J.: 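First, the structure itself, so that you have it in front of you.
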Amino acid sequence: MSTTLQAKAVRYPESDGKPMGETDRHRNAMVRHIEILSPYFAGQQVYVSGDLLLYYEEGNPQKFIVPDAFVAKGVAPGERRIYKLWEEQKAPDVVIETTSRKTRKKDATVKPSLYAQLGVREYFIFDPERDYLAPPLQGYRLAGANYERIVPDAEGRLLSAELGMLLSLSDRDIEFDVVSTGERLLTGGEVAQRELEARRAAEAAFQGEVERRRAAEAEVVRLRSELARRPSTTDET
């Protein structure tokens, strides 16, 4: 009698049990980067995600990493619960890590070393608190087996050749400018906020014009009234 041995299916957890971000600012930055990049690449063969377990060794659920935000070109878009490198057949092209007090050592040493081994072409690290990284935004590009620092341009911007964008720092976060068009990418919420501010400014300008017109009309009425009260030349004679 033959015996059929069935290998036990390997389970790849969907969570590492750790919070998405150390603080609200860290979490908001991570989400914002994904919200900016996802619409830009919509309709293309590009997968954008973040805070997703990326498994890189088949059969070993201990071998994973969790990029804060990443872009994988040539990979079908769509929702995933985890990212298995051997199934996707493609490592992310770009990873953006939002570093913090708890993760700074790993973000500066362990993660870039592993990302280089996996073939991640560009690696960016961002410190929203401006406390742990100098400068707070740094970029690296894969050259052979190791990363080389991306040199900022005269305006302090970092070129991401993979994204076709220039990354720079604003007061609180990273800004993404499309090289080919000069367009600055915004989240849907940021676009709505700018539209609201523009509408309020237009309404304020209109109201100011209305008030100036009323004041001018009132001045005309006052002058006419004053002229009407003055004695005419005929009366004096």
Side-chain angles (χ1 to χ4, degrees), residues 26 29-42 44-57 63-77 83 85-86 88-100 103-130 132-170 173-185:
H26 290 87
M30 294 161 59
V31 171
R32 179 176 177 271
H33 302 160
I34 299 169
E35 288 182 345
I36 282 179
L37 295 171
S38 292
Y40 179 77
F41 289 106
Q44 303 180 51
Q45 194 73 356
V46 179
Y47 177 60
V48 180
S49 188
D51 193 43
L52 191 78
L53 272 67
L54 186 158
Y55 290 93
Y56 54 88
E57 185 176 302
K63 297 294 184 178
F64 69 87
I65 193 165
V66 189
D68 290 339
F70 68 91
V71 176
K73 298 187 296 183
V75 175
Y83 192 99
L85 196 59
W86 58 92
E88 305 292 349
Q89 294 292 305
K90 177 71 186 297
D93 294 281
V94 179
V95 167
I96 303 174
E97 293 287 358
T98 302
T99 194
S100 66
T103 66
R104 55 178 173 168
K105 290 183 179 179
K106 187 175 183 180
D107 291 337
T109 57
V110 178
K111 283 191 173 183
S113 176
L114 177 56
Y115 286 142
Q117 293 178 40
L118 297 179
V120 175
R121 295 178 181 276
E122 291 179 344
Y123 175 66
F124 294 90
I125 181 171
F126 168 57
D127 173 15
E129 300 285 354
R130 273 72 165 176
Y132 317 115
L133 201 63
L137 174 62
Q138 298 178 12
Y140 299 86
R141 185 171 294 118
L142 196 61
N146 300 299
Y147 284 119
E148 290 184 352
R149 189 83 168 262
I150 298 175
V151 179
D153 65 9
E155 298 178 36
R157 302 173 301 179
L158 301 176
L159 173 63
S160 169
E162 296 298 323
L163 297 177
M165 300 177 191
L166 289 165
L167 278 61
S168 60
L169 282 172
S170 65
D173 208 338
I174 301 175
E175 300 299 342
F176 299 80
D177 297 315
V178 180
V179 174
S180 60
T181 63
E183 175 191 6
R184 173 157 292 183
L185 301 182

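What you are looking at is a predicted structure, and each value in this text was computed from that prediction instead of being measured. Excluded from the calculations below are hydrogen atoms, water molecules and symmetry mates; all remaining heavy atoms, backbone and side chain alike, are included.
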J.: Sequence neighbours excluded, which residues qualify as side-chain contact (heavy atoms from CB on, under 4.5 Å) partners of L85?
T.: Y56, Y83, A91, L118

J.: The test is salt bridge (Lys or Arg N to Asp or Glu O under 4.0 Å); show your working for D93 and K73 and say whether it passes.
T.: CA-CA 7 Å; D93 294 281; K73 298 187 296 183; 5.2 Å; no

J.: For residues V120 and L142, determine if any side-chain heavy atom of one lies less than 4.5 Å from a side-chain heavy atom of the other.
T.: no

J.: Could you give the distance from OG1 (T103) to NZ (K105), rounded to the nearest 0.5 Å?
T.: 12.0 Å

J.: Can you tell me how far apart CD (Q138) and CZ (R149) are? Round to the nearest 0.5 Å.
T.: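 One gets 4.0 Å once the value is rounded to the nearest 0.5 Å.
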
J.: Any heavy-atom pair between the side chains of L37 and I96 that's under 4.5 Å?
T.: yes

J.: If the threshold is 4.0 Å, N to carboxylate O, is there a salt bridge linking E155 and R157?
T.: yes

J.: Tell me every residue that passes side-chain contact (heavy atoms from CB on, under 4.5 Å) with S170, counting only those two or more places apart in sequence or in another chain.
T.: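 Scan of S170 (side-chain contact (heavy atoms from CB on, under 4.5 Å), adjacent residues dropped) gives D173, E175.
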
J.: Using the rule given for side chain to side chain contact (heavy atoms under 4.5 Å, CB included), can you reason through Y123 versus K111, listing the C-alpha separation, both sets of side-chain angles and the distance that settles it, and then say yes or no?
T.: CA-CA 9 Å; Y123 175 66; K111 283 191 173 183; 4.1 Å; yes

J.: Assess the residue pair F176 and Y40 against the criterion (side chain to side chain contact (heavy atoms under 4.5 Å, CB included)); give the C-alpha distance rounded to whole Å, side-chain angles, the decisive distance to 0.1 Å, and a yes or no.
T.: CA-CA 11 Å; F176 299 80; Y40 179 77; over 6 Å; no

J.: Does any part of the side chain of E122, heavy atoms only, come nearer than 4.5 Å to the side chain of F124, both counted from C-beta?
T.: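 Yes - at least one pair of side-chain heavy atoms lies under 4.5 Å apart.
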
J.: Please determine whether a side-chain nitrogen of the Lys or Arg among E148 and R141 lies less than 4.0 Å from a carboxylate oxygen of the Asp or Glu.
T.: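 Between R141 and E148 there is no salt bridge, as every charged N stays at least 4.0 Å from the carboxylate O atoms.
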
J.: Search all heavy atoms of H26 against all heavy atoms of P128 and return the closest pair with its distance.
T.: CD2-CG, 3.6 Å

J.: Would Y115 and Q117 count as a side chain to side chain donor-acceptor pair (under 3.5 Å) here? Give the steps.
T.: CA-CA 5 Å; Y115 286 142; Q117 293 178 40; over 6 Å; no

J.: Looking at CD1 of I125 and CG of D127, how far apart are the two atoms once the value is rounded to the nearest 0.5 Å?
T.: 8.0 Å

J.: Do M165 and L185 come within less than 4.5 Å of each other through their side chains, counting heavy atoms only?
T.: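 Of all side-chain heavy-atom pairs linking L185 with M165, at least one is under 4.5 Å.
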
J.: Below 4.5 Å, heavy atoms only, C-beta onward: do F70 and Y47 meet side chain to side chain?
T.: yes

J.: Quick one: pull up CG in D107 and OG in S100 and give me the separation to the nearest 0.5 Å.
T.: 7.0 Å

J.: For Y132, give me all partners under side chain to side chain donor-acceptor pair (under 3.5 Å), at least two apart in sequence or on another chain.
T.: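 Partners of Y132 under the side chain to side chain donor-acceptor pair (under 3.5 Å) test: none.
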
J.: Looking at every heavy atom in both A116 and A145, which two are closest together, and how far apart are they?
T.: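 Closest heavy-atom pair between A116 and A145: CB-O, 3.7 Å.
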
J.: Would a 4.5 Å heavy-atom cut-off, applied to side chains only, mark S160 and I150 as touching?
T.: no

J.: As a quick check of understanding, evaluate side chain to side chain contact (heavy atoms under 4.5 Å, CB included) for D153 and L159, giving each step before the final call.
T.: CA-CA 8 Å; D153 65 9; L159 173 63; over 6 Å; no

J.: Less than 4.5 Å apart, side chain to side chain, heavy atoms only: is that true for L137 and I174?
T.: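 Yes. Closest side-chain heavy atoms under 4.5 Å.
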
J.: In Å and rounded to the nearest 0.5 Å, what is the CG to CG distance from L167 to L158?
T.: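 So the CG of L167 and the CG of L158 are separated by 6.5 Å.
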
J.: Nearest 0.5 Å please: distance from the CG atom of D68 over to the CG atom of L52.
T.: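 It comes to 12.0 Å.
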
J.: Just checking R121: does its CZ atom have more than 12 heavy atoms from other residues, nucleotides or ligands closer to it than 6.0 angstrom?
T.: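 12 or below, so no.
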
J.: Should S49 and I34 count as side-chain neighbours, where that means a heavy-atom distance under 4.5 Å?
T.: no

J.: Would you please test R184 and S168 for side chain to side chain contact (heavy atoms under 4.5 Å, CB included) and show each step?
T.: CA-CA 11 Å; R184 173 157 292 183; S168 60; 4.0 Å; yes

J.: How far apart are the closest heavy atoms of P112 and K106, and which atoms are they?
T.: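 Where P112 meets K106 most closely, the heavy atoms are CD-O, 3.9 Å.
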
